[in-house]
Amino acid sequence: MPNGDIFESINLVSVLTGIFLLLIMSLMQKIDRYLCLRSNHIHFSAEFKTMESMGNFIQQLREMGCQLDDLEVNSREGYTDYVGATFWVKMDMPVNHIEAIQKMSGIKGVKYLEELEYM
């Protein structure tokens with residue numbers, strides 16, 4: 001039956017195309033993650049002991065060659081003993097974000113620092 005052979009070959013091509021697309025999408029996701037972790041832009045949240053500690057942190061960032069694109073400060077008097085802030089920072093050149101976060105975490109006055117994911 002000649003028509004049966006055509007349908008079997010179409011099904012085979014459909015299955016192979018689906019597998020190919022799945023592999024490509026998986027590869028693209030890994031490439032995207034790799035590029036995001038090594039870009040020159042980093043978005044992170046930090047908590048500081050005092051506002052003075054946050055000022056010191058910003059000064060240290062500038063000395064490291066970072067440009068502060070945006071900053072959002074969250075502080076509630078009487079409710080917490082820390083100052084929280086969200087930073088959008090541009091660095092001179094692409095860096096490994098894990099190493100950059102570790103380096104920034106070591107700056108005096110930082111209680112907590114975490115990179116925020118891009119959506």
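Just so it is clear, the structure is predicted and the values come from calculations on it, not from any experiment.
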Practice prompt. Please assess Asp69 against Val89 for the test side-chain contact (heavy atoms from CB on, under 4.5 Å), listing each intermediate value before the final yes or no.
Written response: CA-CA 5 Å; Asp69 283 346; Val89 175; over 6 Å; no

Going from [atom1] on [X] to [atom2] on [Y], what distance comes out if it is rounded to the nearest 0.5 angstrom?
| X | Y | atom1 | atom2 | result |
| --- | --- | --- | --- | --- |
| Cys66 | Lys90 | SG | NZ | 11.5 Å |
| Met25 | Phe20 | CE | CZ | 12.5 Å |
| Leu61 | Met104 | CG | CE | 5.5 Å |
| Asn96 | Ile101 | CG | CD1 | 10.5 Å |
| Thr50 | Asn56 | OG1 | CG | 9.0 Å |
| Gln29 | Leu27 | CD | CG | 10.5 Å |

Discussion item. Show every salt bridge (Lys or Arg N to Asp or Glu O under 4.0 Å) that has at least one partner inside residues 21-36, sequence neighbours left out.
Written reply: Arg33-Glu117

Practice prompt. Name all residues meeting the salt bridge (charged side-chain N to carboxylate O under 4.0 Å, His left out) criterion together with Lys111; count only those two or more places apart in sequence or in a different chain, and write none if there are none.
Written response: Asp81

[X], [Y]: one ILVMFWY side-chain cluster at the under-4.5 Å cut-off?
| X | Y | value |
| --- | --- | --- |
| Val15 | Leu23 | yes |
| Tyr82 | Tyr112 | no |
| Met54 | Leu68 | yes |

Worksheet item: Once the angle between the rings of Phe57 and Phe44 is folded into 0 to 90°, is it parallel (under 30°), tilted (30 to 60°) or perpendicular (over 60°)?
Response: perpendicular

Fill in: Residue pair Ser39, His97: steps toward the side-chain contact (heavy atoms from CB on, under 4.5 Å) verdict
CA-CA 8 Å; Ser39 72; His97 288 197; 3.4 Å; yes

Practice prompt. Can you establish whether the number of heavy atoms outside Glu63 located under 6.0 Å from its atom CD is more than 12?
Written response: yes

Worksheet item: How about Leu71: does its CG atom have over 12 heavy atoms from other parts shown lying under 6.0 Å from it?
Response: yes

Discussion item. Tell me if a side-chain donor or acceptor on Ser26 pairs with a main-chain N or O of Leu22 at a distance below 3.5 Å.
Written reply: no

Worksheet item: What's the shortest heavy-atom distance between Ile42 and Ala100, and which atoms?
Response: CD1-CB, 4.5 Å

Item to complete: Indicate yes or no: at least one non-hydrogen side-chain atom of Leu113 is less than 4.5 angstrom from one of Val110.
Response: yes

Fill in: Residue pair Asn40 / Val95, side-chain heavy-atom distance below 4.5 Å
no

Worksheet item: side-chain hydrogen bond (donor to acceptor under 3.5 Å, both in side chains) with Trp88: which of His41, Gln67, His43?
Response: His43

Practice prompt. Go through the steps to decide whether Thr17 and Ser14 satisfy the test side-chain hydrogen bond (donor to acceptor under 3.5 Å, both in side chains), and finish with yes or no.
Written response: CA-CA 5 Å; Thr17 302; Ser14 299; over 6 Å; no

